[in-house]
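First comes the structure, then the notes that go with it.
Every heavy atom of this structure was used, including side-chain atoms; hydrogens, water molecules and symmetry mates were not. These figures come from a predicted structure and were not determined experimentally. Chain naming here is simple, since letters A, B, ... match the order of the sequence lines and numbering starts at 1 in each.
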Number of protein chains: 2
Amino acid sequence: MKTKSATATKAELSRDAVVDRALALADEEGLAAVTIRRLAQEFGVTPMALYWHVSSKDELFDAMGDRFFAGMRADDVASTGPWPDQLRRMIAAIVAVLRAHPAAAHLAAERILQCEPGRDIAERALGLLRDAGFPTSQAADIAGHALQTALMLVVQQPGEPTVAAAERAEIMETKRKALASLPPERYPNLIASADALTNCDDEDAYLMGGIDLFVAGVQALQPAPSATHRAAR
Amino acid sequence: MKTKSATATKAELSRDAVVDRALALADEEGLAAVTIRRLAQEFGVTPMALYWHVSSKDELFDAMGDRFFAGMRADDVASTGPWPDQLRRMIAAIVAVLRAHPAAAHLAAERILQCEPGRDIAERALGLLRDAGFPTSQAADIAGHALQTALMLVVQQPGEPTVAAAERAEIMETKRKALASLPPERYPNLIASADALTNCDDEDAYLMGGIDLFVAGVQALQPAPSATHRAAR
DNA sequence: ACCTGAACACCGTTCAAGT
DNA sequence: ACCTGAACACCGTTCAAGT
């Protein structure tokens with residue numbers, strides 16, 4: 001045993017260990033709790049010790065964002081079937097990795113083009129859309145919307161730093177009551193939807209519905225095949 | 001003249017004046033620059049003076065969020081025409097108010113159901129969707145997605161605190177070059193899209209395209225009219 | 001190579017006190 | 001009613017110094 005006198009048997013200090021702990025801390029107490037000083041404390045070390053492994057807090061956040069894509073291979077989403085199905089699988093794959101750390105998910109969106117696995121999936125998405133007939137600029141817009149849609153499905157409503165699930169339920173219940181006690185003649189639909197707006201009993205169905213809505217929109221906007229495209233077949 | 005020795009002839013200290021200045025400061029230097037101490041300094045006053053007008057920074061942020069909806073009347077989006085057009089106009093109206101302060105726009109999303117004009121527009125959106133045949137829970141999901149879509153169209157890519165337009169262009173140019181110099185055989189689509197991904201020459205067209213995509217998706221998912229609905233006509 | 005100590009310029013907020 | 005002063009417990013980060 002060569003463990004020092006840390007609060008618990010913490011891992012050795014290293015760049016990866018810091019990123020790991022930062023993501024775990026975001027999960028537990030929200031992204032606002034991720035602090036150089038707090039992390040140092042968790043490792044039983046001086047705040048400045050972290051600066052050897054990570055050059056600034058911004059760089060730490062970037063590394064956290066990159067971590068989302070680390071285990072992701074573009075080939076995981078099989079490149080078979082009609083393009084809408086492929087697109088759906090790609091978005092679902094992104095949703096899946098973002099769900100690992102919802103409180104830090106928005107860090108991933110900014111990093112997708114800065115890390116290799118992210119670029120691979122972006123490359124495929126763009127190819128898919130251009131092959132479907134979308135002009136380059138629209139394909140770029142749609143790919144960006146796809147990423148943002150995945151993000152929005154994961155982060156949901158609760159106030160930025162994502163509080164623990166326990167008090168989150170409490171907050172939602174308060175909101176539901178506030179909606180339910182609105183004047184019925186003025187807000188009949190809000191009252192009828194109070195339940196639906198404040199709790200999500202089937203998260204998987206919610207996510208799939210959001211993805212379906214997006215993909216259906218892309219399909220509806222697909223340009224009609226041009227003469228040259230037809231000739232190529 | 002009863003102006004004190006402030007940096008400039010600032011407005012009198014009041015709740016509204018603080019919210020005004022906070023939004024202006026977010027526009028100029030990003031949301032991270034909005035600080036109790038910084039605001040106090042701008043008003044030529046002690047930090048604690050602000051606590052008479054606003055009970056905490058969180059409450060200030062809430063008030064900033066509410067301000068977005070202040071000038072918005074649900075009747076502004078005329079309730080005529082087919083429901084997809086109405087929905088499109090509602091989203092466009094929200095996009096319009098969020099564009100006033102992009103750096104603070106995400107504060108608005110959390111407040112829509114906590115302020116009266118926000119509730120009015122939410123009520124109409126829910127009514128619209130339920131009348132179109134969507135079940136209550138799906139209508140609630142779609143209304144939420146509509147708001148998040150408006151938000152995502154406005155905030156775009158640049159790293160959270162939204163820097164000034166000047167250095168934003170510089171950052172984008174750096175990213176474009178990074179994309180353009182990627183290995184061409186591996187990332188042909190990213191290279192072809194480097195321009196489209198890093199600059200937006202026609203922002204209005206981008207916004208309209210995003211709204212159209214969303215509305216087209218909702219239309220595609222509209223349930224077929226049931227027998228009871230048909231009977232009601 | 002890796003970590004510490006002291007210091008600087010910031011935060012939000014409480015509490016008692018002034019006018 | 002409205003504002004100040006002093007204080008507390010936090011931040012990120014630099015720089016020189018230790019081992």
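In summary, the aromatic rings of A:H145 and B:Y206 are positioned with their centroids under 6.0 Å apart.
Look at CD on A:Q41: it is 17 Å from C1' on C:dT4, rounded to the nearest Å. What separates CG of A:L31 from P of D:dC11 is a distance of 14 Å, to the nearest Å. Rounded to whole Å, atom C1' of C:dG12 lies 14 Å from atom CD of B:E59. Atom CG of B:L25 is separated from atom P of C:dC11 by 11 Å (rounded to the nearest Å). In this structure, CG of B:L13 is placed 9 Å from C1' of D:dC3, rounded to the nearest angstrom. Rounded to a whole Å, the CG atom of A:L60 is 10 Å from the P atom of D:dG12. The interatomic distance linking B:I36 (CD1) with D:dC8 (C1') rounds to 17 Å, in whole Å. Protein atom CG of B:L39 is 13 Å distant from nucleotide atom C1' of C:dC11, rounded to whole Å.
Salt bridge present: A:E28 and A:R21 bring a charged side-chain N and a carboxylate O closer than 4.0 Å. A salt bridge is defined here as a Lys NZ or Arg NE, NH1 or NH2 lying under 4.0 Å from an Asp or Glu carboxylate O, and B:E123 with B:R119 fails to meet this definition.
Among residues at least two apart or in separate chains, salt bridge (charged side-chain N to carboxylate O under 4.0 Å, His left out) pairs with a member in residues 92-103 of chain A are A:R99-A:E203, A:R99-A:D204. Each salt bridge (charged side-chain N to carboxylate O under 4.0 Å, His left out) pair with one or both residues in residues 47-61 of chain A, not counting sequence neighbours, appears once here: A:R15-A:E59.
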Handout entry: Secondary-structure notation, DNA chain D, from Watson-Crick and G-U pairs under 3.5 angstrom (| other strand)
Key = ||.|||||...|||||.||
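For A:D120, the side-chain hydrogen bond (donor to acceptor under 3.5 Å, both in side chains) partners two or more places apart in sequence, or in a different chain, are B:R186, B:Y187. A search for side chain to side chain contact (heavy atoms under 4.5 Å, CB included) contacts involving A:A122 returns A:L113, B:L190, not counting sequence neighbours.
Between B:A103 and B:L31, the closest heavy-atom pair is O-CB, 3.8 Å.
Taking the six-membered ring where the residue is Trp, A:H101 and A:F68 present perpendicular rings, their angle passing 60° and hence far from 30°.
Nearest-nucleotide assignment on DNA chain D puts the 5′-proximal partner with B:R37, out of B:R37 and A:K57.
In the region residues 46-53 of chain A, proximity to DNA chain C at under 4.0 angstrom, judged on heavy atoms, holds for A:T46, A:M48, A:A49, A:W52, A:H53.
Within the 4.0 Å cut-off from OP1 or OP2 of D:dG12, not a single side-chain nitrogen or oxygen of A:S56 is found.
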